[in-house]
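Within every chain, numbering begins at 1; the chains are lettered A, B, ... in the order of the sequence lines, protein sequences first and strands thereafter.
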Protein chains: 2
Amino acid sequence: MLVLSHDSQVPLYTQLYSQIKGAILSGRFAADSRLPSVRDLARQHLISRNTVENAYLELYAEGYIYSKERSGYFVSPLSPDDVLVSPPARGAARETVQETQCLFDFHPARLDAEAFPERIWRKCLLDALHRGSRDLNHYSEAQGEGTLRGEIRKYLEQSRGVVCDIDQIVVCGGLQHGLDIVAHLLKDSRPVVAVEDPGYHLARSVFANHSLEVLPLPVLDEGLDLRALQDSRSTVAYVTPSHQFPMGCVMPIANRLKLLRWAREGGNFIIEDDYDSELRYHGRPIPSLQGLDPDGNIVYSGTFSKVLSPALRVSYLVLPHSLLPAYRRLFSDYAPSVSVLEQRALAQFMEQGHWERHVRRVRTLYRKKHDALLRALARHCGERASVIGQGAGLHVVVQLHDTAVKEEELVAAARHSGIKLFPFSTTCVNRKPEEGMVILGFGGLSIDRIEEGVALLFQSQQKRISAE
Amino acid sequence: MLVLSHDSQVPLYTQLYSQIKGAILSGRFAADSRLPSVRDLARQHLISRNTVENAYLELYAEGYIYSKERSGYFVSPLSPDDVLVSPPARGAARETVQETQCLFDFHPARLDAEAFPERIWRKCLLDALHRGSRDLNHYSEAQGEGTLRGEIRKYLEQSRGVVCDIDQIVVCGGLQHGLDIVAHLLKDSRPVVAVEDPGYHLARSVFANHSLEVLPLPVLDEGLDLRALQDSRSTVAYVTPSHQFPMGCVMPIANRLKLLRWAREGGNFIIEDDYDSELRYHGRPIPSLQGLDPDGNIVYSGTFSKVLSPALRVSYLVLPHSLLPAYRRLFSDYAPSVSVLEQRALAQFMEQGHWERHVRRVRTLYRKKHDALLRALARHCGERASVIGQGAGLHVVVQLHDTAVKEEELVAAARHSGIKLFPFSTTCVNRKPEEGMVILGFGGLSIDRIEEGVALLFQSQQKRISAE
DNA sequence: GGGTATTTGTCCGTATGTATG
DNA sequence: TCATACATACGGACAAATACC
């Protein structure tokens, strides 16, 4: 019945335990039936009684058996229907993922591999670890470390014209996490969320995941179509006014004021996603919408992902005062979701001026790439396409004049030559995807690779076209 | 009676030895009276039997005690004249640190300030930073770094009996974030979520925040009342089977199987919150519910917050296969919310065996505190209260026999003496809060502080009572 | 039916190996 | 290397329950 191996690594009493457990679960030991007495089992297997007893005690602790003093151990009644048939032993993990290697990745969210300020970050991390390791034992401030929020507030005020105090700032683990929170705050009013079309697909997902009604509205040359917004039933507008994704336009001040008025008069909310405002390559950065109406119903969202590293998972919200009560009610006893260590490192990084310096450095770096991309585009398809949305961010949109090109084929062909394209249609909902729209992200490629990649892309496309 | 200091330089067995010797010499232990058995003393102080035995052997060697084989140790009869009157000099004087702000925080979520393995963690962090800084530029795997998930899988399989592959594991930023995800996955079915009452209030908040219908069900001696569950309309059950919060009971196997059956037959879901399974102070850790039915509808949730540091914000879910499609649909293009750097550091921490070692170390540490708390309780209110849910975790529940005590007053009075109590009623919903229930968390206090705090707490309470 | 021998859970002390620092 | 502590194994002593005469 029971088989014990004395040579096994697993202790005798554990072997006994698991075999008896198995017998009980599989029903071979009926409910309330007596188990062999401690002595019997010990004799039978030529082991100590205490060894058996240890096994029994373990089973007892987990409720498999019960004991009647001086009478015996008995199987706990497990209703037979409860008992599972097969206690399966699944094998080890499936080995996964062989990514086809792609040489030119034009995904708009790729960043420069060298740009991360490794040395300085290490120093900040170590300082944070050293200074604060005594403090790592309690759960910290729910909205994020005070020092970090202070630094964020200073930065936002100076560089983005955002007006707020630190109580309005919530540190969170990425844009999507921030939008999750916002969706929660707003959902009670059963909002209708107007989103840009084309627009940031991941933001749409968040709202949709929260079962909010999402209403895609067209994007004009000047950003979200405000006429359409006013005519709609929307109560919330998610916008990227400083640098529309993906089209790259800036919402002019007239539209901004109109948008603010829409919010104010209708009691509506604006979610301002300022995802890459640091990256403007000429002129001053566009001041934020929030700064125009600091007391309005505006949720401002920013991130460290683009400039510092997406691997850090730190972003932040600035909530309007009107949402603070709801925030406190819902989230006051949520723990923060960003590592305190990294929050402190980041606070120090900013406090010591590394952030400002790094922003400048990165801006120069990407401007060069941006320029290289434009040069390459001019050279390799200057006639056949026009560029939309240059001058900021980490990508541009290329509008091919030959509108007969199917996106799927384009992407597939590019893939074939080792080029990864992010399909424009991903950003669209209702708007029927214009044929010949191509998003080219340049953050992750070196200047040389940008040149090569563009050449390859339009060379192959040329071939494809001329083959027809 | 006997007091052991675990922080002391002097070995445990030596402390035992000298205290027993003192008791014998001073006549507090009568001649020929039996000493506590090796097992009893070991259990009582939660130390190994061998440690006690070493002390006894020393006493035996010096003739203070004799042993009757298989019967016990007994005090040697010493002629009274031989006994010295003055006990020997006490060791180094206790430093009487007069802390101005003497706050005793008995919150159950506090952890030891010194427990964080700073040096090793720094090394892992730096390695991760160094090796991976080239990789920090793109957004990483949505469910978490593969290496980390691999290590988690291995650990769960070995230590918790959880059966899964790494595709089922989702790394997230804390229990609440994990439950957020689960709530999303389940919400389409408009679930009714049964929760334990009393139970973990923060979990309830998450479900409520997602507008799920929350149904508090009573907790019996063996955990969630399954009869009530079956009679309810619930379609999801959130449970803490390995160590119910806050009552500390373990769900016996019969109930586990019944619960599994409830899920299987009704197509219902179980959320198994295994928040502190690492911290069991005697016997083996209770195997997980998930391992009993790996193909069932069980979401398993675990965390690194308790054992490593809550400041890290890393936890994980194991999703059942049935939820994977929904997860992919909703979250496949969410970025992960935990810093890639820390994920990698953690993966290395586990890979190199630091995690296992650290778990052991921490378990010992908290066991000592747990033991100290029980001793202090026995000394200061042994008659007036009984302890519930000891033997695991970071808190116990004290049931005061004087049930006329109002919780508010108790908490206020404690607060007045510099003691922070976490109100039991916080964990309750419908269940009318039993008067006289007190949750005492011992994680964040040193052994000395535990002793002082308990003394202070019950001293002040005594005064309060006698004043009436 | 009442005494008795046996069985049984439960307690006891003990020996050895091993992990840790 | 060595001290310390724990895990895993061991067999004996005892009293209550049980079976048997």
Side-chain angles (χ1 to χ4, degrees), chain A residues 4-18 33-61 65-75, chain B residues 4-18 20 33-61 65-75 114 117 119-120 159 280-285 352-368 371:
Chain A
L4 297 185
S5 157
H6 286 268
D7 303 327
S8 163
Q9 292 299 338
V10 11
L12 286 174
Y13 79 99
T14 308
Q15 296 182 46
L16 268 177
Y17 156 81
S18 43
S33 64
R34 244 199 72 200
L35 290 169
S37 82
V38 174
R39 283 173 168 78
D40 272 354
L41 210 55
R43 231 186 331 257
Q44 188 181 331
H45 291 91
L46 296 171
I47 56 178
S48 161
R49 295 203 314 273
N50 279 346
T51 306
V52 178
E53 200 189 333
N54 276 338
Y56 279 14
L57 284 179
E58 190 58 38
L59 290 163
Y60 175 76
I65 61 178
Y66 61 94
S67 85
K68 279 202 251 179
E69 193 137 328
R70 273 111 209 166
S71 166
Y73 280 98
F74 301 84
V75 176
Chain B
L4 297 184
S5 161
H6 303 266
D7 302 329
S8 162
Q9 292 301 337
V10 15
L12 288 175
Y13 80 100
T14 308
Q15 296 181 47
L16 268 178
Y17 156 81
S18 46
I20 295 172
S33 64
R34 239 198 78 204
L35 291 169
S37 81
V38 175
R39 281 172 162 79
D40 270 353
L41 212 54
R43 227 189 327 261
Q44 188 181 333
H45 294 277
L46 292 166
I47 55 181
S48 163
R49 294 205 296 268
N50 287 359
T51 306
V52 179
E53 201 193 333
N54 280 338
Y56 280 11
L57 283 179
E58 188 60 32
L59 291 163
Y60 176 75
I65 61 176
Y66 62 93
S67 85
K68 280 202 247 177
E69 192 122 333
R70 271 108 212 165
S71 166
Y73 282 97
F74 300 83
V75 176
E114 313 290 330
R119 226 186 339 238
I120 295 172
S159 300
R280 289 205 79 78
Y281 306 133
H282 26 77
R284 317 234 126 261
Q352 299 181 342
H354 298 304
W355 169 250
E356 293 268 15
R357 274 192 289 275
H358 185 66
V359 166
R360 269 202 299 276
R361 190 161 39 226
V362 164
R363 184 187 294 135
T364 305
L365 172 69
Y366 288 127
R367 180 172 57 195
K368 288 171 179 170
D371 172 33

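Atom CD in A:Gln9 sits roughly 15 Å away from atom P in C:dG17 (whole-Å rounding). Going from atom CG of A:Leu57 over to atom P of C:dT10 covers 7 Å, rounded to whole Å. Here the P atom of nucleotide C:dG9 and the OH atom of A:Tyr60 are 14 Å apart, to the nearest Å. Distance A:Arg70 CZ to C:dG9 C1': 6 Å, rounded to the nearest Å. Rounded to an integer number of Å, the gap from CD of A:Glu58 to P of D:dA9 is 13 Å. We find that OH of B:Tyr17 is positioned 17 Å from C1' of D:dA3, with the value rounded to whole Å.
The stretch residues 36-43 of chain A comes close to DNA chain D through A:Arg39, each having a heavy atom under 4.0 Å from the strand.
The two residues B:Leu12 and B:Thr51 come nearest to each other via the heavy atoms CB-CG2, 3.9 Å. For the residue pair B:Ala55 and B:Tyr13, the shortest heavy atom distance occurs at CB-O, 3.4 Å. Between A:Ile65 and A:Tyr60 the shortest heavy-atom distance is O-CD1, 3.5 Å. Pairing each heavy atom of B:Ser37 with each of B:Asp40, the nearest pair is OG-N, 2.9 Å. Here the closest non-hydrogen pair linking A:His6 and A:His45 is NE2-O, 4.2 Å. Looking at every heavy atom in both residues, B:Tyr56 comes nearest to B:Leu35 through OH-CB, 3.7 Å.
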Could you list, one pair per line, each protein nitrogen or oxygen that sits under 3.5 Å from a nitrogen or oxygen of nucleotides 4-8 of chain D, together with the distance?
{"from": "D:dT4", "atom 1": "OP2", "to": "B:Tyr13", "atom 2": "OH", "distance (Å)": "2.6"}
{"from": "D:dA5", "atom 1": "OP1", "to": "B:Leu12", "atom 2": "N", "distance (Å)": "2.8"}
{"from": "D:dC6", "atom 1": "OP1", "to": "B:Arg367", "atom 2": "NH2", "distance (Å)": "3.3"}
{"from": "D:dC6", "atom 1": "OP2", "to": "B:Ser48", "atom 2": "N", "distance (Å)": "2.7"}
{"from": "D:dC6", "atom 1": "OP2", "to": "B:Thr51", "atom 2": "OG1", "distance (Å)": "2.9"}
{"from": "D:dC6", "atom 1": "N4", "to": "B:Asn50", "atom 2": "ND2", "distance (Å)": "2.7"}
{"from": "D:dA7", "atom 1": "N6", "to": "B:Asn50", "atom 2": "ND2", "distance (Å)": "2.2"}
{"from": "D:dT8", "atom 1": "OP1", "to": "B:Arg284", "atom 2": "NH2", "distance (Å)": "3.4"}
{"from": "D:dT8", "atom 1": "OP2", "to": "A:Tyr13", "atom 2": "OH", "distance (Å)": "2.5"}
{"from": "D:dT8", "atom 1": "OP2", "to": "B:Arg284", "atom 2": "NH2", "distance (Å)": "2.9"}

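Side-chain N/O atoms of A:Ser67 include one lying less than 4.0 angstrom from OP1 or OP2 on C:dT10.
Ring geometry for B:Phe74 versus B:Tyr66: interplanar angle under 30°, hence parallel rather than tilted (30 to 60°).
Toward the 5′ end of DNA chain D lies the nearest nucleotide of A:His6, the other residue of the pair A:Lys68 and A:His6 mapping further downstream.
Counting only distance, with no hydrogens or angles, the side chain of A:Gln15 and the backbone of A:Val10 share a donor-acceptor pair below 3.5 Å.
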- request: Please report the C-alpha distance between A:Tyr17 and A:Asn54 in whole Å, then the side-chain angles of each, then the deciding distance to 0.1 Å, and finally whether the side chain to side chain contact (heavy atoms under 4.5 Å, CB included) criterion is met.
  value: CA-CA 8 Å; A:Tyr17 156 81; A:Asn54 276 338; over 6 Å; no

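Within 4.0 Å (heavy atoms only), B:Arg34 reaches sugar-phosphate atoms of the nucleic acid but no base atom.
For A:Glu53, the listed nucleotide lying nearest its side chain is C:dC11; candidates were D:dT18, C:dC11, C:dG9.
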